[in-house]
Amino acid sequence: MKKSKFLKTLLAAGLAVTTLAACSGGANSSSNATTTAPQAQSEEKADKSQELVIYSNSVSNGRGDWLTAKAKEAGFNIRMVDIAGAQLADRVIAEKNNSVADMIFGIGAVDSNKLRDANLLTQFKPDWIDKIDASLADKNGYYNPVIVQPLVLIGNPEAKEMPKDWTELAEKYKGQYSIYGLTGGTGRAIYASILVRYLDEKGDLGVSEKGWEVAKEYFANAYTLQKGESSVVKVLDKESPIQYGMMWGSGALVGQKEQNVEFKVMSPEIGVPFVTEQTMILNTSKKQALAKEFINWFGQAEIQAEYSQKFGSIPANKDAVKELPEATKKFVNQLKPQDINWEVVGKYLDQWVEKAELEYVK
């Protein structure tokens, strides 16, 4: 039963992010990209002695080091460049005439669509494409996911109670919860998951006055983690008033393992955001064949299962899901995906972030 429930949750996560592939450019954006994208450069056989430069927001907590070493065992020479998720797509667009990266790993479909619609991606369907939920990938093959990631609020194991939802934190738990800033993908996605509850066509930036009041109080009463600070460490610090902290699923699982604890996890009735970590190849790269070979290797079930066991991630590859540790299954089975209108999020997110940074974030 546990396995069945977990697989059902994972499938639901796929349905929850289906609309990601359609946002930013509207319903026809993918087909437009197909006709206007530059033709892929002619490719020779992959030369694995070449350095493959990967821009990624999935480097922290040893993930980048592990992947670099593991790829080296397979004959790849990769260099991972750590860039915050909120900045990654914009940096690639800014560098389009003097490109540095060959491929990208980590950002979700909202930011992936920015690159697709800027005609910077190469179409590619990896060898493992039939092992993932098709709704998680771009329908024309401009990006393909390897990881599905729930975004959660964790609590100190000794906390007397867990909040029921993000929207009640400010009122009931002032000064007791930490959040990541809006320069990273996690903080932005949680912020968006709050605002979508209050969509109003007549409201400022598509959000009702009540929604903006909730957002204002959410930021005002939170502790915003500074560079180098960890939500896990804050939550477990007995000298800190912080009892609860924002965290991506794999980070929470790794934290549990390293600290030998079991966090309490908030399970809102409305659900939590499930996002994807995508792989994609830049059409400005002269190493596209090498990038394709690397993605084929990285997304295969064996590597994804090992990656999951090491970092608590949830693989998109269905064969790898079968090999998940029991701790990962238990963690995810207490969550359900929030039904989010990601098309609206893609339309407004940058403006929502700008408003928060100007008016709410101290």
Chemist: Could you grab the distance from atom CG of Leu205 to atom CG of Leu349, nearest 0.5 Å is fine?
Modeler: 11.0 Å
Chemist: Given Asp111 and Lys114, is the salt bridge (Lys or Arg N to Asp or Glu O under 4.0 Å) satisfied, shown in steps?
Modeler: CA-CA 5 Å; Asp111 287 315; Lys114 285 185 180 181; 3.7 Å; yes
Chemist: Might you work through the salt bridge (Lys or Arg N to Asp or Glu O under 4.0 Å) test for Glu269 and Lys336, ending with a clear yes or no?
Modeler: CA-CA 8 Å; Glu269 184 177 343; Lys336 75 174 185 179; over 6 Å; no
Chemist: For the backbone of Thr224 and the side chain of Gln226, can you confirm whether one donor and one acceptor N or O come within less than 3.5 Å of each other?
Modeler: yes
Chemist: Tell me if the aromatic rings of Phe124 and Tyr142 count as close, with their centers under 6.0 Å from one another.
Modeler: no
Chemist: So that I can tick it off, tell me whether Lys287 and Glu51 are bridged by a salt bridge, with the cut-off set at under 4.0 angstrom between side-chain N and carboxylate O.
Modeler: no
Chemist: Please check if the side chain of Gln334 supplies one atom and the backbone of Phe331 the other of a donor-acceptor pair under 3.5 Å.
Modeler: yes
Chemist: Indicate the atoms forming the closest heavy-atom contact of Asn317 with Asp319, along with that distance.
Modeler: OD1-N, 2.9 Å
Chemist: For the CG atom of Asn144 and the CD1 atom of Ile132, what is their distance to the nearest 0.5 Å?
Modeler: 5.5 Å
Chemist: Out of curiosity, Glu258 CD to Asn61 CG, how far, rounded to the nearest 0.5 Å?
Modeler: 7.0 Å
Chemist: Specify the closest pair of heavy atoms between Ala215 and Leu195, including all atoms of both residues, with the distance to one decimal.
Modeler: CB-CD2, 4.0 Å
Chemist: Would you confirm whether Arg63, through its side chain, and Ser60, through its main-chain N or O, come within 3.5 Å as a donor-acceptor pair?
Modeler: yes
Chemist: Mark yes or no: Lys362 above the aromatic ring of Phe219, with NZ or CZ under 6.0 Å from the six-membered ring centre and no more than 45 degrees from the axis.
Modeler: no
Chemist: List the steps, then state whether side chain to side chain contact (heavy atoms under 4.5 Å, CB included) holds for Tyr143 with Leu115.
Modeler: CA-CA 10 Å; Tyr143 52 80; Leu115 299 178; over 6 Å; no
Chemist: Check whether any side-chain heavy atom of Asp102 sits under 4.5 Å from a side-chain heavy atom of Leu282, and report yes or no.
Modeler: no
Chemist: With salt bridge (Lys or Arg N to Asp or Glu O under 4.0 Å) as the criterion, how do Glu161 and Lys264 come out once you've worked through the C-alpha distance, each side chain's angles and the decisive distance to 0.1 Å?
Modeler: CA-CA 9 Å; Glu161 62 180 5; Lys264 293 184 176 180; over 6 Å; no
Chemist: Can you find a heavy atom in the side chain of Ile270 that is under 4.5 Å from one in the side chain of Asp165?
Modeler: yes
Chemist: Crowded around Glu229 CD? As in, over 12 foreign heavy atoms under 6.0 Å?
Modeler: yes
Chemist: Would you check, one step at a time, whether the test salt bridge (Lys or Arg N to Asp or Glu O under 4.0 Å) holds for Glu213 with Lys210?
Modeler: CA-CA 5 Å; Glu213 184 62 28; Lys210 172 64 175 177; over 6 Å; no
Chemist: Taking the six-membered ring of Phe76 (Phe, Tyr or Trp), confirm whether the NZ or CZ of Lys48 is under 6.0 Å from its centre and within 45° of its axis.
Modeler: yes
Chemist: How long is the gap from CD1 on Ile78 to OG1 on Thr68, to the nearest 0.5 Å?
Modeler: 4.0 Å
Chemist: Distance from Met280 atom CE to Leu120 atom CG, nearest 0.5 Å?
Modeler: 11.5 Å
Chemist: Taking the side chain as C-beta and beyond, is there a heavy-atom pair between Ile104 and Leu88 under 4.5 Å?
Modeler: yes
Chemist: Check for a donor-acceptor pair, side chain of Glu168 on one end and backbone N or O of Lys164 on the other, with a separation under 3.5 Å.
Modeler: yes
Chemist: Just by modelled atom types, is the Thr183 backbone N or O under 3.5 Å from a matching donor or acceptor in the Gln87 side chain?
Modeler: no
Chemist: Taking the side chain as C-beta and beyond, is there a heavy-atom pair between Ile190 and Pro273 under 4.5 Å?
Modeler: yes
Chemist: Mind checking whether Trp66 and Tyr307 have ring centres under 6.0 Å apart?
Modeler: yes
Chemist: For a 4.5 angstrom cut-off between non-hydrogen side-chain atoms, does Asn221 reach Leu169?
Modeler: no
Chemist: What is the ring orientation for Phe298 with Phe294, classed by angle as parallel under 30°, tilted 30 to 60°, or perpendicular over 60°?
Modeler: parallel
Chemist: If we ignore hydrogens and angles and just use 3.5 Å, is the side chain of Asp237 paired with the main-chain N or O of Val233 as donor and acceptor?
Modeler: no
Chemist: Given 3.5 Å as the limit, does a donor-acceptor pair link the side chain of Asn156 with the main chain of Val235, or not?
Modeler: yes
Chemist: Under 3.5 Å, is there a donor-acceptor pair between the Thr122 and Gln288 side chains?
Modeler: yes
Chemist: Please report the C-alpha distance between Ile295 and Ile281 in whole Å, then the side-chain angles of each, then the deciding distance to 0.1 Å, and finally whether the side chain to side chain contact (heavy atoms under 4.5 Å, CB included) criterion is met.
Modeler: CA-CA 9 Å; Ile295 291 173; Ile281 302 168; 3.7 Å; yes
Chemist: Gln278 and Ser112: side-chain donor and acceptor closer than 3.5 Å?
Modeler: no
Chemist: Ignoring hydrogens and geometry, is there a side-chain-to-backbone donor-acceptor pair from Asn283 to Asn119 under 3.5 Å?
Modeler: yes
Chemist: Among Ile154, Leu153, Val152, Leu335, which one satisfies side chain to side chain contact (heavy atoms under 4.5 Å, CB included) with Met266?
Modeler: Leu153
Chemist: Would a 4.5 Å heavy-atom cut-off, applied to side chains only, mark Gln243 and Lys234 as touching?
Modeler: no
Chemist: How close do Ser285 and Ala101 get, counting heavy atoms only, and between which atoms?
Modeler: CB-O, 4.4 Å
Chemist: Dump the intermediate steps for side chain to side chain contact (heavy atoms under 4.5 Å, CB included) on Asp47 and Leu290, then the final yes or no.
Modeler: CA-CA 6 Å; Asp47 181 358; Leu290 180 59; over 6 Å; no
Chemist: Would you say Ser313 and Ser250 are linked by a side-chain donor-acceptor pair, where the criterion is simply a distance under 3.5 Å?
Modeler: no
Chemist: Indicate the atoms forming the closest heavy-atom contact of Ser49 with Asn77, along with that distance.
Modeler: O-ND2, 4.0 Å
Chemist: Test of understanding: with salt bridge (Lys or Arg N to Asp or Glu O under 4.0 Å), list the residues that count as partners of Glu302, not counting sequence neighbours.
Modeler: none
Chemist: Heavy atoms only: give me the nearest Met162-Val265 pair and the separation to one decimal.
Modeler: CE-C, 3.8 Å
Chemist: So, Lys70 and Asp65, do they make that salt bridge, N to O below 4.0 Å?
Modeler: no
Chemist: To the nearest 0.5 Å, how far apart are CE in Met103 and CG in Leu52?
Modeler: 6.5 Å
Chemist: With sequence neighbours excluded, what pairs up with Asp204 under the salt bridge (Lys or Arg N to Asp or Glu O under 4.0 Å) test?
Modeler: Lys355
Chemist: Side chain of Glu323, backbone of Ala320: donor and acceptor closer than 3.5 Å?
Modeler: no
Chemist: Between Tyr173 and Tyr244, is the ring centre distance below 6.0 Å?
Modeler: yes
Chemist: With no hydrogens and no angle check, is any side-chain donor or acceptor of Thr284 less than 3.5 Å from a backbone partner on Lys96?
Modeler: no
Chemist: Tyr55 ring centre to Arg91 NZ or CZ under 6.0 Å, with the angle to the axis within 45°?
Modeler: yes
Chemist: Can Asp200 and Trp212 be said to form a side chain to side chain contact (heavy atoms under 4.5 Å, CB included), step by step?
Modeler: CA-CA 11 Å; Asp200 182 349; Trp212 289 121; over 6 Å; no
Chemist: Is the CD atom of Gln50 crowded by more than 12 outside heavy atoms at less than 6.0 Å?
Modeler: yes
Chemist: Surrounding CD of Glu357 (heavy atoms of other residues, nucleotides or ligands, distance under 6.0 Å), is the total greater than 12?
Modeler: yes
Chemist: Are Tyr180 and Trp248 near enough that their ring centres are under 6.0 Å apart?
Modeler: yes
